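Below is one structure, written out as structure tokens, with a few remarks after it.
Predicted model only: the values in this text are computed from it and were never measured. Any value given below was found using the heavy atoms of this structure, including those in side chains, with hydrogens, waters and symmetry copies removed.
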Amino acid sequence: MKTEKINEKIENVLAPRWWNPLSWVVTVLAPVFGIVIGVVSGGIVGLLVGYQKGLELSSSNIDKILSKL
């Protein structure tokens with residue numbers, strides 16, 4: 001009985017019917033969430049890449065300073 005109710009709810013969310021408001025909400029919000037998640041993950045990756053480049057640059061600067069000593 002409980003499994004049937006869960007399956008019915010899943011079917012209501014996934015089945016694109018014009019009279020199903022939940023289907024419309026999922027359809028409209030999916031691209032919005034995709035864009036937001038893409039921007040956030042891109043920002044995190046950008047920060048990690050920038051951090052790595054900064055470490056490489058500081059390492060090369062330290063090597064230059066140490067070679068002059």
Sequence neighbours excluded and cut-off under 3.5 Å, please list the side-chain donor-acceptor pairs for residues 1-8, or say none.
from : atom 1 : to : atom 2 : distance (Å)
N7   : ND2    : T3 : O      : 3.4

Under 3.5 Å, which donor-acceptor pairs link side chains of residues 42-56 to any protein atom two or more places apart or in another chain?
from : atom 1 : to  : atom 2 : distance (Å)
Q52  : NE2    : E56 : OE2    : 3.4

Can you give each donor-acceptor pair under 3.5 Å made by side-chain atoms of residues 28-37, sequence neighbours left out, with the distance rounded to 0.1 Å?
none

